[in-house]
**Student:** 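Would you mind keeping the following structure in view while I ask a few things?
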Amino acid sequence: MENRKVKFKPEAFRTQLESLRALRQELAIKEKELADQKWVFQQFLQSPTWRLTYPMRWAANQLRSFRKRLASGSRNSIDTLTRAELSEEEYPDSEFNFGFTLKSSYDYQFRIWFESFLVSGSRLELPHSETPTISILLVLFNRSELTFACLRSILECRSEELEVIIVDNASTDDTSKLLDRVCGARVIRNSTNLHFLLAANQAAKEAKGEHILLLNNDAQLLPGAIRSALRTLTSAPDIGAVGGKIVLMDGTLQEAGSIVWRDGSCFGYGRGDDPLAPEYMFRRDVDYCSGAFLLTPRRVWEQLGGFDEAFKPAYYEEADYCMRLWKHGLRVVYEPDAVIVHYEFGSSKSPSKAIKLQAEHQQIFVDHHLEALKKQSPSGTGSTVTARTRNTSDRILFLDDRVPHEWLGSGFPRARTLVLSLLKQNYFVSVYPLSEINEAWDLVYGDLPREVEVLTGLGSLMLEMFLRGRKNYYKCIVVSRPHNMKVLQSMMLAHRDWFENIRVIYDAEALFSRRDAMLQKLTGTPWSVREVQEELDKEIGLAAASHCVISVSAKESAEFSKYGIRNVHVIGHAIETAPQPVPFERRSGLLFVGAIHSDASPNADSMIWFLTEVFTKIQKKLGESIHLTIAGVNKSIRIRNLAGPSVHITDYVPDLGELYANARLFIAPTRYAAGLPHKIHEAAARGLPVVATPLLASQLEWTERELAIAGDAEAFASRCCELYTNPDTWLSKRIAALERVKTECSPESFDKSVRDVLRAVGL
């Protein structure tokens, strides 16, 4: 063979050298990106501004998602399978390395905890009941440190009667040592690895609980998770399973319920997003929930034969189980308060092998549920938000200033009742606050059902992008108050195609221009007749863009009709009468209940006037010992400064029953307002007689039969003293006002009026 000399080529060498230098620079950049990722994650854990910046992050995520879908077409089934995880090749290097560095740090931490436990010689005393409500089923294969963390979380669950059944699939690590230290659990040690599905069925056969909880050994229960899931499961007889919110170790969401697409592929709703984002905070029916945390009645499990062995060793078994529940008329519900932290793939050495197995089982799943899958949504752009919830084709978007709470006053109690009525009539409701957009979740759902989606953190600036993202999703938009109708009207004009199939209902709530005119008169700068008319024309003109108008009273309804607005309906208040039985002689003091959000509000004006002009006159006649209680949110510094020793300001009170039971008289000294005074209806419903101004009496169309009515300070003080000291008058007005509330504020009549409005717009 001829020997050939390799000729040195300086140009090629220089090229290779430059490539190596470029590679070193790229590696340095990647290291910096990794450090930046870690810093960002620390800020996520520590910074209170994370939620405040949610709108920008939400918008960016939507844009990135849209671009990705355009580039890749419809979803690949392997990307969206049960328990799926992106492979190393699918991650950007820095994100992948950061994620796995984080996971490794948790591995180390869990190992330290576990080794320390073994060295201590301690034992784990798990909760155990001979008559358990819930049987927790755990299937193990190695990863003793993860199992230890899981068992520690179970230790905190003492509110329910539990038993724990553990099946060890022939683990080869320290799992045996751990199980030797566990007390209170039923432990089954298999000689071979039966894998998840068969071992879960094996454990279920040993269960004595009324319900079965499937729980992955690489998951940790957050406090209240089991209680929340059980409360939901037992809330209705047609619920067959409840799943929870699954949060990954990096603080992002794994899933909030899951979707089954028409082709049999599956998708964990919300993966990679903020677990506290609005889309994942409400309760809803879903296609299925992950077996990492799945609560189901044992009776139902046994009737269905547990997991189908066609899906052994694992994957798709929980999707199949939930689809069979739906086939038998049982619902699967996602419960947002049942939260677990999930390591994910804790027992899998190779995510790629797991994904391959899922792909194989997808075809089996399709064969089993061919007819049901034909009714599922197709995968692809725009399908996720529609497919995330089952049985909700009738969807309504509710726009108002803020989340409508009972304690806010200012028309919000009525708005809340309207939302509740829509729910009763099987509509899915999304509440979208336009002004007060940031509110703690415990406050958001303090008096709203968890079935309502509350879209906090977005506001009027994000409304256009939100409506674009949910085009063709809602059948109806209910918008409350004129300034909000003005915002929506501008979008209706700019994007007419978005609203072609949407019915718009304008809940006027009140004629605010009338109220503003009264305020101007009180402040000594009254509007002219022409100015009043111009403001009224503009406000009523907003109604022309809607398909239907809701007015709070017949008097204001007539104003709209006078201006040629058709399809106007009256919906007032819905209040159950609950008169307190405490007699006249055992009561004392005056009571005012109303939210005071600022000094420049009708309630603030009424209290300032009462404290400066009226209350001293009452004390002169009845004595200094008479006291006044002002209850409700109160942000008025001036009222607090005016309040003397005889005035008690309670701020927000969750239950007003005791105040209504002990007070002798309710005062409503409102000097400017619009709409219908909820505070008087509520006080009358509790059996407390009211002294009110002529303005409020006129709005109610009530007379001296139901109220004591007075306008100026001297007359108001006189009527308070008269009603406060005359038990016969007190009783007669109490009875008459109760009769009016029963007639005018019937919840049944309210619901019927709502149904009439929906029919009027073709829903």
**Student:** Identify the two heavy atoms, one from Gly411 and one from Arg481, that lie closest to each other, and give their separation to 0.1 Å.
**Tutor:**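 The pair with the smallest heavy-atom distance is C-NH2, 3.8 Å.
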**Student:** Can you see whether Asp250 engages Thr252 through a side-chain donor-acceptor pair at a distance of less than 3.5 angstrom?
**Tutor:**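 Yes, a side-chain donor-acceptor pair sits under 3.5 Å.
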**Student:** Between Ser746 and Lys752, is any side-chain donor less than 3.5 angstrom from a side-chain acceptor?
**Tutor:**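 Distance-only check fails for Ser746 and Lys752.
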**Student:** More than 12 non-hydrogen atoms from neighbouring residues, nucleotides or ligands closer than 6.0 Å to CD1 on Ile637, yes or no?
**Tutor:**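 Counting other residues, nucleotides and ligands, CD1 of Ile637 stays at 12 neighbours or fewer.
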**Student:** Ignoring hydrogens, what is the shortest heavy-atom contact between Gly572 and Leu676? Give both atom names and the distance.
**Tutor:**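 Shortest heavy-atom contact: CA-CD2, 4.2 Å.
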**Student:** The test is side chain to side chain contact (heavy atoms under 4.5 Å, CB included); show your working for Glu451 and Val429 and say whether it passes.
**Tutor:** CA-CA 8 Å; Glu451 288 76 16; Val429 182; over 6 Å; no
**Student:** Looking at Tyr427, is Arg395 sitting on its ring face, NZ or CZ under 6.0 Å from the six-membered ring centre and within 45 degrees of the normal?
**Tutor:**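 No.
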**Student:** Does some side-chain heavy atom of Val247 sit less than 4.5 Å from a side-chain heavy atom of Ile340?
**Tutor:**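 With C-beta onward as the side chain, the pair stays apart.
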**Student:** To the nearest 0.5 angstrom, please state how far the OG1 atom of Thr693 sits from the CD1 atom of Ile680.
**Tutor:** 7.0 Å
**Student:** Are His678 and His573 close enough that a side-chain donor and a side-chain acceptor fall under 3.5 Å?
**Tutor:**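 Note: His678 and His573 side chains miss the donor-acceptor criterion.
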**Student:** With a 4.0 Å cut-off on N to O distance, would you call Arg640 and Asp651 a salt bridge?
**Tutor:**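 Result for this pair is yes, salt bridge flagged.
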**Student:** Any chance you could measure Leu458, atom CG, to Met465, atom CE, to the nearest 0.5 Å?
**Tutor:** 10.5 Å
**Student:** Hey, are Asp497 and His495 close enough side-chain-wise for a donor-acceptor pair under 3.5 Å?
**Tutor:**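 No.
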**Student:** With heavy-atom distances below 4.5 Å as the criterion, would you say the side chains of Lys475 and Ile396 are in contact?
**Tutor:**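 No, their side chains stay 4.5 Å or more apart.
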**Student:** Flag the pair Asp599 and Arg638 as a salt bridge only when some basic side-chain nitrogen lies within less than 4.0 angstrom of an acidic carboxylate oxygen.
**Tutor:**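 Judged by the 4.0 Å cut-off on N to carboxylate O distance, Asp599 and Arg638 do not form a salt bridge.
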**Student:** Can you sort out the partners of Gln533 under side chain to side chain donor-acceptor pair (under 3.5 Å), two or more places apart, ordered by chain and number?
**Tutor:** Asp537, Tyr563
**Student:** Between Arg514 and Glu559, does at least one N-O distance fall below 4.0 Å, as a salt bridge requires?
**Tutor:**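 So Arg514 pairs with Glu559 through a salt bridge.
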**Student:** Ignoring hydrogens and geometry beyond distance, is a side-chain donor-acceptor pair present between His597 and Asn603 at under 3.5 Å?
**Tutor:** no
**Student:** Can you tell whether the side chains of Glu453 and Arg388 come within less than 4.0 Å, N to carboxylate O?
**Tutor:** yes
**Student:** Does the side chain of Glu658 come within less than 4.5 Å of Asp655's, by heavy atoms?
**Tutor:**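 In short, these two side chains do not touch, never coming nearer than 4.5 Å.
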**Student:** Would Ile596 and Val633 satisfy side chain to side chain contact (heavy atoms under 4.5 Å, CB included), going step by step from the backbone distance to the final call?
**Tutor:** CA-CA 6 Å; Ile596 302 174; Val633 174; over 6 Å; no
**Student:** Test the Arg390-Phe428 pair against the cation-pi criterion, namely NZ or CZ under 6.0 angstrom from the six-membered ring centroid and within 45° of the ring axis.
**Tutor:** no
**Student:** Between atom CZ of Arg468 and atom CE of Met462, what is the distance when rounded to the nearest 0.5 Å?
**Tutor:** 10.5 Å
**Student:** Under the side chain to side chain contact (heavy atoms under 4.5 Å, CB included) rule, what do Phe412 and Asp401 come out as? Steps first, then yes or no, please.
**Tutor:** CA-CA 9 Å; Phe412 291 108; Asp401 288 351; 3.9 Å; yes
**Student:** Minimum heavy-atom separation for Ala508 to Pro482, with atom names?
**Tutor:** O-CD, 4.3 Å
**Student:** Going by atom types only, do Glu539 and Ser513 share a side-chain donor-acceptor pair under 3.5 Å?
**Tutor:** yes
**Student:** Should the ring pair Tyr652 and Trp407 be called parallel, tilted or perpendicular, given that the plane angle runs from 0 to 90° and is split at 30 and 60?
**Tutor:**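 Aromatic pair Tyr652/Trp407 classed tilted.
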**Student:** What closest approach, in Å, do Leu443 and His405 show between heavy atoms, and which atom pair accounts for it?
**Tutor:**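 Closest approach of Leu443 to His405, heavy atoms only: O-CE1, 2.9 Å.
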**Student:** Do the non-hydrogen side-chain atoms of Val552 and Ile571 ever get within less than 4.5 Å of each other?
**Tutor:** no
**Student:** Considering all heavy atoms of both residues, which atom of Val504 and which atom of Ser546 are nearest to each other, and what is their separation?
**Tutor:** O-CB, 3.5 Å
**Student:** Strictly under 6.0 Å, is that where the ring centroids of Tyr432 and Phe466 end up?
**Tutor:** yes
**Student:** Regarding Glu335 and Arg283, does a basic nitrogen lie under 4.0 Å from an acidic carboxylate oxygen?
**Tutor:** yes
**Student:** What's the verdict on ring-ring contact (aromatic ring centres under 6.0 Å, His included) for Tyr280 and Tyr334, showing C-alpha distance, side-chain angles and the deciding distance?
**Tutor:** CA-CA 9 Å; Tyr280 319 118; Tyr334 161 72; 8.1 Å; no
**Student:** Could you tell me which non-hydrogen atom of Ile667 sits nearest to which non-hydrogen atom of Phe592, and how far apart they are?
**Tutor:**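 That closest heavy-atom pairing would be O-CD1, 3.4 Å.
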**Student:** How about Asn426 and Asp394: does a side-chain donor come under 3.5 Å of a side-chain acceptor?
**Tutor:**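 Checked: Asn426/Asp394 side chains show no N/O donor-acceptor pair below 3.5 Å.
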**Student:** Quick test of your reading of the model: are Arg755 and Asp751 salt-bridged, counting only N-O distances below 4.0 Å?
**Tutor:** no
**Student:** Please tell me if the side chains of Thr670 and Pro677 come closer than 4.5 Å, counting only heavy atoms from C-beta onward.
**Tutor:** no
**Student:** Is Val479 close to Asp507 at the side-chain level, that is, under 4.5 Å between some pair of heavy atoms?
**Tutor:** no
**Student:** Is Lys245 salt-bridged to Asp337, going by a charged N under 4.0 Å from an acidic O?
**Tutor:**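 No, this pair does not count.
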**Student:** Would you call Lys679 and Glu682 a salt bridge, using N to O less than 4.0 angstrom?
**Tutor:** no
**Student:** Ignoring hydrogens and angles, state whether a donor on the side chain of Ser430 or Tyr474 is under 3.5 Å from an acceptor on the partner side chain.
**Tutor:**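 On atom types as modelled, these side chains qualify, holding a pair under 3.5 Å.
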**Student:** Should the pair Arg450 and Phe282 be classed as cation-pi, given the thresholds of under 6.0 Å to the six-membered ring centre and 45° from the axis?
**Tutor:** no
**Student:** Would you tell me whether Glu556 and Ser553 have side-chain atoms, one donor and one acceptor, within less than 3.5 Å of each other?
**Tutor:** no
